[in-house]
Trainee: 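The structure that follows is given in the form of structure tokens.
Heads up: numbering here begins at 1 and tracks the sequence.
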Amino acid sequence: MKVTSCTRRGYCAIVLFLTVCALIVVPRHMENLQTPCRFQPKVNSTIIEPRVSPHIVNRSFCTFQPLSPQDALEERLILDSIAWPKTPLLPSPFSFEQTTDPVHSTFSILPGRKGGQWHVGDQLEVMIQTFDFQGRPKKSGGDFLTASLQNRKLESGVAGQVVDHLNGSYSAVFSLLWEGDAQVEVTLVHPSEAVSVLDRLNREQPDRIYFKSIFRSGSLSETTICNVCLPPTQQPLCNYTDLHTGEPWFCYKPKKLDCNTRINHFKGGFKQNLKAKEEKLFQSGVNMKVSIQATGPSIATVLSRKEGQLKVKTSSATSVPSGYYYQGVWRSLGRTILSQFNSSAITQCLKGKDVHMYGDSTIRQWFEFLNAALPGLKEFDLHNPRQVGPFMSLDYENNIMVTYRCHGPPIRFSLIPTRELRYIANEIDRLLGGPNTVIVIGIWSHISTYPIEVYIRRLQSIRRAVVQLLDRAPDTLVIIRTANVKALTLYETITNSDWYSLQRDKVLRAIFKGLKVHLIDAWEMTLAHHLPHNLHPLPPIIKNMIDHVLSYICPHKGG
């Protein structure tokens, strides 16, 4: 189903927020959403008694305020567009042998339309058949598969599109974009049974990564657990819902101290609570990120484009890749011509610019790259921890300023003072914008353990701020980084699986579709590259990402 983007003054008008199994205290400027509440005198944050409003929609123990009709429609369309095929219930007791086995599963290259020949500009189609550990064909879909074409000698690669036929078979479709060999690589990231577990965890255990805050007044200090979603107890909650964006955050109230004595935020830990034998669904080298082998050739030889040849279309393909690698350089298939920038060209491009970066550590990578690449760019020591920030670098001679600030909670960094907990939307609202202002946004990894509605609402608040910024300063450049694939351990999977990232990648594209923003397709840029997957992409990929960013800032000015 096609998801349409919001109008500039339509969907983006209302402030949304969540509460946790309790009666929420709503800011005064949101009277149209108010429920009966009581403000605590002389306290910056409010206390919520453990009651539940009948007007709040419950998702396990995450609770959501009702949306306006427009926002409810948008959310429903997005949820429909990312809905994953249902997997039949596993028998009890659990039978690992009946789950998808990448060793028994196979793929085969379908013959080209020209008698087995392919030319640049054609599409290559691969059929994939999945089997279980007993060698029996799977009869249902829902496996999470990825596919790419590679030529390591040419340092070339492109991501393929996987189509689920819902009967245990899949297609992978590739655009052929270079002359020479193209090696097909198909990977089982997760069997469908594992995806069902990941989906259940976000609904039933959204607090499995939990956070803490220290409350202090004089010599008295207490520590309590905090989160977007907190299990209901008899202990009252401190409500730190942001007054401007409506972004939710709660802590259990200290026994002796007030809510306004909270001084910091930090990751508390992780609770793993899988059912019996479910760990078997997440085994590296067995059924998690394991290659599927071909029956027959796995390499297609691509000939040069024929003069006057028409582009081949297949019934399975519904989209084309955003770009591809050739000789190690990312080439966009969109309208933007990408250039390569050396240090002097980067300096010339950023001359007179203010670049503000907001997000997680994958955005901090970009800040660190520019610091290392530009000899004239010097970081101003703000005496902040290296993981947390915020950071600021200056090049006085060329009037360049680059800043980085992590996004607001949930954020899994080490100790962060509460004064440094800032939401991206609020930071954007504080900017004047203009032709010399560049905004870079990346937010996905730290919001992976919650129901997807939490992420939708976070992006809606950011979108609202971006729309307002572009209304008052249309020449401001806004660049948004998508999620990327990564290496997976059991912990990484339960908290930050590529499946979670894929779902959030789709949501982000839907939320910002139609707006005057530019996307850096980190998903395809990491999937198409031959380097190992990593939460923090390796330097050659980061260099290509930065070149892509700079090509938006300074078209045709590479060096």
Trainee: For the pair Cys259 and Cys238, evaluate disulfide (SG to SG under 2.5 Å) and give the outcome as yes or no after the intermediate values.
Mentor: CA-CA 6 Å; Cys259 292; Cys238 291; 2.0 Å; yes
Trainee: When you compare the side chains of Asp521 and Ser322, does any donor N or O come within less than 3.5 Å of an acceptor on the partner?
Mentor: yes
Trainee: Specify whether His407 and His446 have parallel, tilted or perpendicular ring planes, treating 30° as the upper limit for parallel and 60° as the lower limit for perpendicular.
Mentor: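 Ring orientation, 0 to 90° scale: perpendicular.
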Trainee: Evaluate Cys406 against Arg364 for side-chain contact (heavy atoms from CB on, under 4.5 Å), listing each step before the verdict.
Mentor: CA-CA 8 Å; Cys406 67; Arg364 190 181 68 228; over 6 Å; no
Trainee: Ignoring hydrogens, what is the shortest heavy-atom contact between Ser213 and Arg262? Give both atom names and the distance.
Mentor: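 Nearest heavy atoms, Ser213 then Arg262: OG-NE, 2.8 Å.
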Trainee: Looking only at non-hydrogen atoms, find the nearest pair between Ser445 and Leu535 and report the distance.
Mentor: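 That would be OG-CD1, 4.0 Å.
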Trainee: Quick one: do Arg458 and Tyr423 satisfy side-chain contact (heavy atoms from CB on, under 4.5 Å)? Show the steps, please.
Mentor: CA-CA 9 Å; Arg458 176 64 61 92; Tyr423 291 101; 3.4 Å; yes
Trainee: Restricting to non-hydrogen atoms, name the atom on Ser192 and the atom on Thr87 that form the minimum distance, rounded to 0.1 Å.
Mentor: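 Minimum heavy-atom separation between Ser192 and Thr87: CB-OG1, 3.3 Å.
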Trainee: Would Thr362 and His536 count as a side-chain contact (heavy atoms from CB on, under 4.5 Å) here? Give the steps.
Mentor: CA-CA 6 Å; Thr362 63; His536 301 108; 4.2 Å; yes
Trainee: State whether the side chain of Gln365 and the backbone N or O of Ile542 hold a donor-acceptor pair below 3.5 Å, judged by distance alone.
Mentor: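 Pair absent, no side-chain N/O of Gln365 close to backbone of Ile542.
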Trainee: Would you say the side-chain atoms of Glu278 pair up with the backbone N or O of Lys275, donor to acceptor, closer than 3.5 Å?
Mentor: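 At least one qualifying donor-acceptor pair exists.
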Trainee: Any carboxylate oxygen within less than 4.0 angstrom of a Lys/Arg side-chain nitrogen, looking at Lys486 and Glu492?
Mentor: no
Trainee: What's the separation between atom CD1 in Ile78 and atom CZ in Arg509, rounded to the nearest 0.5 Å?
Mentor: 13.5 Å
Trainee: For atom NZ of Lys271, decide whether the heavy atoms of other residues, nucleotides or ligands shown that lie under 6.0 angstrom number more than 12.
Mentor: yes
Trainee: Is the shortest side-chain N to carboxylate O distance from Asp360 to Arg412 below 4.0 Å?
Mentor: no
Trainee: Check the pair Asp71, Ser68 against side-chain hydrogen bond (donor to acceptor under 3.5 Å, both in side chains), reporting the backbone distance first and the verdict last.
Mentor: CA-CA 5 Å; Asp71 289 324; Ser68 70; 3.1 Å; yes
Trainee: Is it the case that more than 12 heavy atoms not belonging to Arg216 sit under 6.0 Å from its CZ atom?
Mentor: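 Not more than 12 within 6.0 Å, no.
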Trainee: Take Val402 and Met357 through the side-chain contact (heavy atoms from CB on, under 4.5 Å) test and state the conclusion after the steps.
Mentor: CA-CA 8 Å; Val402 182; Met357 299 183 176; 4.3 Å; yes
Trainee: Has the side chain of Asn264 got a donor or acceptor atom that lies under 3.5 Å from a matching backbone atom of Ile214?
Mentor: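 Flag set: sc Asn264 to bb Ile214 pair under 3.5 Å.
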Trainee: Name all pairs fulfilling the ring-ring contact (aromatic ring centres under 6.0 Å, His included) condition that reach into residues 455-474, sequence neighbours left out, sorted by first residue then second.
Mentor: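 Pairs touching residues 455-474 that pass the test: none.
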Trainee: For His190 and Phe144, take the angle between the two ring planes, folded into 0 to 90°, and tell me which bin it lands in: parallel under 30, tilted 30 to 60, perpendicular over 60.
Mentor: tilted
Trainee: Indicate whether the side chain of Thr99 and that of Glu193 have a donor and an acceptor atom separated by less than 3.5 Å.
Mentor: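 Their side chains do not contain a donor-acceptor pair, so the 3.5 Å distance test is not met.
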Trainee: Any Lys/Arg nitrogen of Arg464 or Glu247 sitting under 4.0 Å from an Asp/Glu carboxylate oxygen of the other?
Mentor: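 Answer for the salt bridge query: no.
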Trainee: Can Arg463 and Glu74 be counted as an ion pair, charged N to O under 4.0 angstrom?
Mentor: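 A salt bridge is present here (some side-chain N lies under 4.0 Å from a carboxylate O).
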Trainee: Which atom pair, heavy atoms only, marks the closest approach of Ala473 to Leu432?
Mentor: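 Minimum heavy-atom contact is CB-O, 3.4 Å.
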Trainee: Testing the basics here: between Met525 and Ile520, what is the closest heavy-atom pair and its distance to 0.1 Å?
Mentor: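 Closest pair (atom of Met525, atom of Ile520, distance): SD-CG2, 4.1 Å.
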Trainee: Glu75 side chain to Ile456 main-chain N or O, any donor-acceptor pair under 3.5 Å?
Mentor: no
Trainee: On the six-membered ring of Phe391, is Arg386 placed so that its NZ or CZ lies under 6.0 angstrom from the centre and within 45° of the ring axis?
Mentor: yes
